[in-house]
Engineer: 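Starting off with a structure, shown below.
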2 protein chains.
Amino acid sequence: MTMSSDRAFEALRADILRGRHRPGLRLGEVGLARELGMSRTPVREALRRLAAAGLVELNANRGARVVEPAADDLNTVFVLRAPAEGLAARAAALSATDEDGEELQRLALAVAAAARPAGGGPPDLDAVYLHNREFHDLMLSLARSASLAQVIAGLVHSTVLMRTYRAFDEDAMHRSVAHHLELVAAVRAHDPDWAESVMRSHLFSARAALLGGRGDAPHAITHTGPPAPAEDLTEGETA
Amino acid sequence: MTMSSDRAFEALRADILRGRHRPGLRLGEVGLARELGMSRTPVREALRRLAAAGLVELNANRGARVVEPAADDLNTVFVLRAPAEGLAARAAALSATDEDGEELQRLALAVAAAARPAGGGPPDLDAVYLHNREFHDLMLSLARSASLAQVIAGLVHSTVLMRTYRAFDEDAMHRSVAHHLELVAAVRAHDPDWAESVMRSHLFSARAALLGGRGDAPHAITHTGPPAPAEDLTEGETA
DNA sequence: CTGGTAAGAAGTGCATGCACTTCGTGCGGA
DNA sequence: TCCGCACGAAGTGCATGCACTTCTTACCAG
């Protein structure tokens, strides 16, 4: 049913975003084809698409490498994400149905539950990232704008590529959860100004946590290790 | 020297952006391959890249069509371009050398000359668009940011795709020329705040001219016809 | 021992062939 | 006359083969 080319694209994208394929790694067509159980042709097409998406770098006759994102700084990405996702939130508030609002709330509550488990243990960071991404994806799809989706997808790629997911201290985490819930309220109230404003706060808060965040601060919630990226961060492209 | 795949990509992109391939048009691999004098393989790869760039739409077993951009509104694009290109201007002001400044000025003067020819005749709109694009491309390349380039490229695509280049009245045209010259001054002064501010004004002015512009206003400078898009608008991708 | 070079290996770029899906067309039945 | 269906054409998806480029390595000159 699904095409080999799409399978290759998804698999490679997931591996790159998860960090299994580190920046600078050489991606040979023959090896990938053998690994994925298909011929070189669909692998080639997937690599071209990844190159257009900015995830790999292509040199003629010299193959593909995972892109080295160090040149870009996180601040740039967040400066661009604020108006983009703010606009998405605005559009979502205007177009969301009641069912959409309920679905959004479900995802926001899932993030909250993962951030503060019932047992009182440590947050399940993988679940937080997963549901956070689902939340933002739904928000974006509610905006129903192709160029908005295109732009935001690229920016999120960048955010994930330079995996600065070192630390999200408790305060930032709870602010994030509160923002999600407030966004749901704004969308359900069909208030675009409110929604946009909260979304911008949400992103600036995240930027502060990631940029200013001294990862070794007390109470810092860190990943198991620096090279361990967020799991399951690759679902729902909402193309 | 140049690869067939790249030639196909460039040719198709140019044809789409120029409007030779109108939205909704079916792009068959065999026809394009014959037309371009190559086999289907590089054409297929070019189509995948165009799909990733958001210029064509791909359906499994059903071929490629030029994307229908009507869903997105121009306002969205400009709201996103303002911070993005503003940031690019800011970075350019910080990193530009004296030679860069001179090159920028050369392009700005070229736009000015095309907008107000020496003989006093009507503006050479094709030259205006070409040099305008060169100016913005150079600005972007001076910012040296991959994600910035990625985002702006997508937004410019959208702007051109929905070809609202109907009218740019005299006032707007001269404002645009003045903005370019002021941008050069800001960059040469290495003043990021100034550069960003002027760039934002530049874009908002353009938005007003395009959105609010009643194309049938007196003194309006229109293209020869509605389906005639800007020529030579496709150079210098600054990938 | 070091630097340059040429032959081989490895890998990419493109063309071509085949299987399968989709669409158009004509036929038969109600 | 109109609807359903099957058959054929056209086109896409993928595999494979060949030419050419790039990288590696072993060899020889100095």
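Per chain, numbering begins at 1; letters A, B, ... match sequence-line order.
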Engineer: Can you tell which of D:dG13, D:dA15, C:dC14 lies closest to the side chain of A:S39?
Structural biologist: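 Of the candidates, D:dA15 comes closest.
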Engineer: Would you indicate, yes or no, if D:dC14 has its OP1 or OP2 atom less than 4.0 angstrom from a side-chain nitrogen or oxygen of A:S4?
Structural biologist: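 For D:dC14, OP1 or OP2 has a side-chain N or O of A:S4 closer than 4.0 Å.
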Engineer: Select one nucleotide: of D:dG13, D:dG11, C:dG13, the one nearest the side-chain heavy atoms of B:N61.
Structural biologist: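 Among the listed nucleotides, the one closest to the side chain of B:N61 is D:dG13.
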Engineer: Select base, sugar-phosphate, or nothing to describe what A:T41 touches, counting heavy atoms under 4.0 Å on all strands.
Structural biologist: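 Answer is base: heavy atoms of A:T41 come under 4.0 Å of a base.
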Engineer: Output the single nucleotide from D:dC14, C:dT16, C:dT12 whose closest atom is nearest the side chain of A:M3.
Structural biologist: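 Closest nucleotide to the A:M3 side chain: D:dC14.
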Engineer: If the test is side-chain hydrogen bond (donor to acceptor under 3.5 Å, both in side chains), which one of A:H180, A:R81, A:E85 qualifies with A:H202?
Structural biologist: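 Going through the options one by one, the only one that passes is A:H180.
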Engineer: Return yes if the base of C:dG13 and the side-chain atoms of A:R40 contain a donor-acceptor N/O pair under 3.5 Å, otherwise no.
Structural biologist: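 Check passes, donor-acceptor contact within cut-off.
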Engineer: Got a salt bridge between A:E103 and A:R106, using NZ or NE/NH1/NH2 to carboxylate O under 4.0 Å?
Structural biologist: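 Result for this pair is yes, salt bridge flagged.
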Engineer: Heavy atoms from C-beta onward define the side chain here; which of C:dT12, D:dG11, D:dC14 lies closest to that of B:V30?
Structural biologist: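 Looking only at side-chain atoms, B:V30 lies closest to D:dG11.
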Engineer: At under 4.0 Å, does any side-chain N or O of A:R34 touch on OP1 or OP2 of D:dA15?
Structural biologist: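 No.
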Engineer: Indicate yes or no for a side-chain donor-acceptor contact from A:H190 to the backbone of A:A93 under 3.5 Å, with no hydrogens or angles considered.
Structural biologist: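 Indeed, once roles are kept as given, a pair shorter than 3.5 Å links the two residues.
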Engineer: On the nucleotide D:dC23, are OP1 or OP2 found under 4.0 Å from the side-chain N or O atoms that A:R62 carries?
Structural biologist: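 Looking at the OP1 and OP2 atoms of D:dC23, one of them is under 4.0 Å from a side-chain N or O of A:R62.
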